[in-house]
Amino acid sequence: MNKEELVIETQNLQKKYITDTVETTALAGVDLSIKRGEFVAIMGPSGCGKSTLLNILGMLDSPSSGVFKFLGQDISNATERQRAKLRKHNLGFVFQSFNLIDELTVEENIALPLAYLGVSKAETNKRVQEAMERMGIAHRRNHFPQQLSGGQQQRVAIARATVSNPALILADEPTGNLDSVHGREVMAMLAELNESGTTVVMVTHSPSDAEYAHRIVNLFDGQIVTENLNVKRHAAELL
Amino acid sequence: MLRNYFKIAFRNLLRNKVYSTINIVGLAIGVASCILIFLYVKDELSYENHFSKADRIVRVAGEVIFEGHQDAFSVTPPPLYDAVREFSGVESVTQFFQAGKQTVWYQDQSFTEDKLLFADSAFFRVFDYAFVAGNPATALSTPNAIVLTEELAQKYFGGAAQAMGQVLRFSKDSYTVTGVYRDQGHSHIAASGLLSRLTVDSQTPEDVRNNQWFNLNRYTYALLPDPQHIPDFQKQLDVLTEAHVNPWIKENRLSAHVKYIAQPLKSIHFDTRYGGDGLSPKGNISYVYIFGAVAVFLLLIACINYMNLATARSAKRAKEVGLRKVVGADRSQIIWQFIGESVLLTLIAVLLALALVQIFIPNFNTLTDKNFTSDFFMHWEFLSVVLAIVLFVGIVAGSYPAFFLSGFKPADVLKSDKHPKGGSATLRRALVVLQFSISLIMIIGTIVVFMQMHFLKNSDLGFKKEQVMVIDIPSGDSTLVQHLPLIKQKLEQHPKVLQTSNTLSIPAEGLSRTLMLMEQDGEMVEKTMDAIAVDHDFIPVLGIQMQAGRNFSPNIKTDERSGIIINEAAAKWLGWADPLGKKVITGNEEIADNSARVIGVVKDFHITSLHSEVQPLAIFLVPQSAGYLLARLAPEDQAATIQFIQEQWRTFDPEHPMEYFFMDEFFDKQYRAEEKMLTVFGYFAGLTILIACLGLFGLASFTAEQRTKEIGIRKVLGSSVSDIVLLLSKDFALLVLLAIALASPIAWYGMRQWLQDFAYRVDLSWWIFAIAGFAALAIALLTVSLQAVKAALLDPVKALRT
Ligand SMILES: Nc1ncnc2c1ncn2[C@@H]1O[C@H](COP(=O)(O)OP(=O)(O)OP(=O)(O)O)[C@@H](O)[C@H]1O
Ligand SMILES: [Mg+2]
């Protein structure tokens with residue numbers, strides 16, 4: 001596969017929220033390209049539109065205008081159904097507040113994406129087992145989310161995001177609710193996933209988390225103000 | 001995936017016990033009522049279905065216009081039988097009549113049978129009952145033959161085979177058992193046995209029988225080749241009446257006009273137009289409607305609870321929905337998940353409902369006079385109805401929350417700081433108003449029916465129905481009739497038997513109309529009015545008041561043939577300012593002897609129920625009237641008095657067991673339909689308000705939960721507990737008030753319609769509505785404040801921590 005293949009390409013992406021009489025511009029023309037295998041961090045002050053951008057990239061929300069191509073395919077006008085399909089085959093999500101289903105056990109939470117993909121039971125068991133082992137939570141398989149610590153919950157969330165081997169992982173402040181030790185653990189896992197070929201787009205407020213990325217996109221008032229290559233990371237890769 | 005849905009559904013049920021209980025209990029009550037009502041409706045609609053030819057059997061009923069007064073009868077004259085047999089396109093004709101109360105002897109035992117019919121050999125050609133023994137084609141073709149139901153054969157002989165060829169003795173004749181049949185379904189012909197009609201008919205000359213066109217005492221049925229022949233059959237009936245029957249009536253100098261109506265067999269059970277239809281109790285189609293409506297309402301109220309609570313709680317499920325979408329679920333999958341959940345819940349509710357049905361079947365049986373058992377549980381028809389209920393309720397109740405919840409955008413709901421509002425509060429309020437409106441209508445209905453019943457039972461009837469024992473005098477016993485004066489004398493010797501009377505008929509019994517010539521402006525005019533034949537003591541025994549003139553006297557011999565007493569209504573109707581001494585000719589005017597004079601006027605009394613106004617009435621003296629013996633008893637020691645009467649009676653009539661009842665109970669039986677209506681309304685009003693309150697309880701607890709933080713802050717700022725209870729209850733109180741405004745006019749209209757059935761009725765005063773509204777408001781507030789107080793008492797520190 002071409003290393004230069006674009007997973008995401010946006011041109012003049014805009015998002016306006018209209019509530020009652022107030023119109024908020026969350027995104028004011030974003031041009032962004034993300035190559036396969038890249039690890040991109042999005043930073044910026046609170047309210048600048050990071051989550052909005054990530055949700056649009058993850059097809060959880062649709063832009064007000066602009067072009068959005070996913071794997072070369074224009075999906076600005078895709079239906080809800082088509083987007084659901086693209087999501088389940090290609091995307092994994094990690095959130096700041098973990099967002100696990102409280103009524104399902106660890107194992108069941110992780111298996112959920114596979115259920116919607118229609119993966120067989122044996123195959124599901126195998127892949128869930130692998131994912132749990134990778135994240136070191138196999139011994140907690142029958143616990144419910146409330147019975148786990150924040151760090152463990154986030155690991156479950158990552159296991160769930162990766163169990164279907166998505167091409168792209170979107171993470172919105174994945175370490176935001178964790179202490180520094182657990183935060184580092186989570187970042188290490190994302191980096192490891194990226195190393196094995198998964199594209200990662202992450203929103204973060206933490207400069208140290210951003211260190212893990214190849215590229216840092218700075219957003220301000222709904223626009224990209226700077227894009228920096230992460231020298232450290234590139235250097236490491238060249239070695 | 002399916003397993004995953006169910007797992008989530010189950011865990012949700014267990015985790016939210018209050019919510020699950022409210023929904024399951026509410027739905028279970030709704031479904032149980034539906035099942036019971038389904039049984040009732042199905043049973044009511046099953047009449048005659050077991051006759052394979054039911055579709056093409058008609059009964060001939062008659063309408064008689066008598067002096068502009070229309071009467072309708074289900075009984076027809078004997079000669080109609082031969083006339084209909086001449087019709088073209090008629091396969092079979094059968095005619096039968098009731099044998100009345102008969103004492104039947106077998107060996108040394110005797111029983112009273114009152115469900116026997118005299119029928120002809122065509123009976124079983126038309127009504128194809130299954131024979132257990134004997135030949136249906138010939139069983140009734142000879143005189144003195146009797147065919148029994150399996151039940152009766154069992155009672156007398158211990159079985160069908162043993163019954164064949166045995167002889168049963170009646171007071172007049174003896175009958176040989178020629179067949180036994182199975183009575184397997186509901187029919188308006190609720191006979192326990194059939195006697196061959198030939199036995200009676202062979203005793204009257206045919207030409208006499210065939211000339212009795214005005215003698216209405218037989219039921220006539222015809223079997224047609226197919227249902228389309230009914231109009232043709234009707235046409236032939238019309239020809240018959242115009243060409244033959246009405247001319248005959250005119251010839252006999254009766255001023256009546258007759259029309260015969262072909263009545264399809266299956267319509268008979270619910271058709272109450274025709275009098276003399278004493279074969280079996282009539283069905284009441286309005287009950288079928290009322291019951292059906294109540295079932296639908298109960299289920300609707302329970303479904304509303306589900307919808308309201310599910311959407312109110314949607315904030316809690318929003319995250320799950322968002323997440324499922326994030327990992328790839330599309331909307332339809334989420335919709336099915338929630339519908340699946342409500343189907344599961346309904347399924348549990350239905351299992352509970354089956355248990356409720358099992359428990360309440362006996363009560364329901366008393367309410368409806370039916371004999372349901374839980375045998376039907378394993379019947380495919382029943383199971384498919386239950387399955388249909390599960391799917392219907394599951395989908396109806398589940399679809400609104402399903403569509404609502406599945407519409408959440410993951411980007412919105414996954415924001416940790418934002419929670420979507422729990423669905424449209426306006427819709428939820430509207431549904432609560434609907435629930436309470438239905439409950440209120442039921443409550444108002446119950447109050448009005450109750451008041452009307454109280455009024456009916458306690459109104460002054462113009463006679464005293466209390467403490468009057470009525471003994472049924474067996475017919476056809478002439479020695480007993482001769483002994484009546486002696487019996488009366490013997491009974492009155494007892495100090496607790498105040499007075500006795502023998503009479504042909506009693507209040508609340510069908511009256512016969514009699515044609516009379518009455519003096520009006522010096523001329524004799526033909527008039528028909530209700531008439532009763534009584535003895536000297538009838539008026540005092542029943543405590544009827546004289547308005548003018550005097551009662552019949554045993555000392556004035558002429559009273560018997562030429563004395564007549566009328567009521568005030570008759571005097572008014574005839575325009576007699578001074579009725580005493582007015583001339584009346586009864587029966588055949590050519591016999592001069594039949595002329596009588598009015599000797600007294602009684603104050604109006606209600607000889608029929610308060611459904612109708614007091615009609616003009618003529619009272620004749622017939623000292624040997626032998627329908628009933630009335631005895632006014634002293635209120636004390638009635639058991640002993642009754643025993644004394646029974647002992648005395650046995651000395652005069654050792655053969656028949658003495659049958660008696662009390663006048664007040666008998667009279668009040670006329671209100672049985674209303675009484676049942678009251679019970680139905682009462683039960684279901686209770687259930688609707690219960691289910692509606694369950695829902696309200698759930699909603700209130702949801703609101704309290706949702707506003708925990710607000711309540712905490714208010715308390716920190718100095719709100720008192722009562723302030724907070726008021727804050728939380730105010731909204732709900734407003735909804736109930738709205739329901740009162742909505743329900744009152746509907747209930748007022750409905751109950752006014754219902755009261756139209758009564759000539760004498762209570763007023764629909766405003767305070768009935770006030771009481772019902774107040775009751776509903778009180779119940780609702782009690783339910784809500786339970787939650788509100790709980791929320792208000794919560795430690796504010798705790799409330800703010802969450
Ligand atoms: N559903 C919405 N309706 C209206 N305005 C919205 C909505 N969601 C976001 N906004 C607005 O859009 C802008 C961008 O919001 P967004 O959540 O993307 O910010 P963010 O960069 O993720 O901030 P933070 O770092 O605090 O998470 C904000 O001004 C916000 O108020
Ligand atoms: Mg954000």
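What you are looking at is a predicted structure, and each value in this text was computed from that prediction instead of being measured. Convention: sequence-line order gives letters A, B, ...; per-chain numbering from 1. These numbers come from the heavy atoms of this one structure, side chains and all, not from hydrogens, waters or symmetry mates.
Panel note: side chain Arg87(A), backbone Lys325(B); a donor-acceptor pair is recorded below 3.5 Å.
Heavy atoms only, all atoms of each residue included: Ala329(B) and Ala84(A) are closest at O-CB, 4.0 Å.
For Arg160(A), the part lying near chain B is the side chain, with the backbone staying farther off; criterion is any non-hydrogen pair under 4.5 Å. For Leu91(A), no part lies near chain B; criterion is any non-hydrogen pair under 4.5 Å. Heavy atoms of Phe98(A) lying under 4.5 Å from chain B are absent altogether.
By the neighbour-count criterion of 12 heavy atoms within 6.0 Å, atom CZ of Phe144(A) is densely surrounded, having more than that number from other residues, nucleotides or ligands.
With Asp330(B) as the partner, the side-chain contact (heavy atoms from CB on, under 4.5 Å) test is satisfied by one option alone out of Gln82(A), Arg81(A), Arg83(A), Lys85(A): Arg81(A).
A salt bridge does not link Glu80(A) to Lys409(B): none of the charged nitrogens lies less than 4.0 Å from a carboxylate oxygen.
Residues Asp102(A) and Lys319(B) meet the side-chain proximity criterion, which asks for heavy atoms closer than 4.5 Å. For the pair Val327(B) and Lys88(A), the minimum side-chain heavy-atom distance is 4.5 Å or more.
Remark: Arg11(B) CZ to Thr105(A) OG1 distance equals 6.0 Å, nearest 0.5 Å. Between the CD atom of Glu320(B) and the CG atom of Leu100(A) there is a distance of 12.0 Å, given to the nearest 0.5 Å. In this structure, CG on Leu323(B) lies 5.5 Å from CD1 on Ile101(A), to the nearest 0.5 angstrom.
Per-residue heavy-atom pair counts under 4.5 Å with chain B were compared for Leu114(A), Leu104(A), Asp61(A), and the maximum is reached by Leu104(A).
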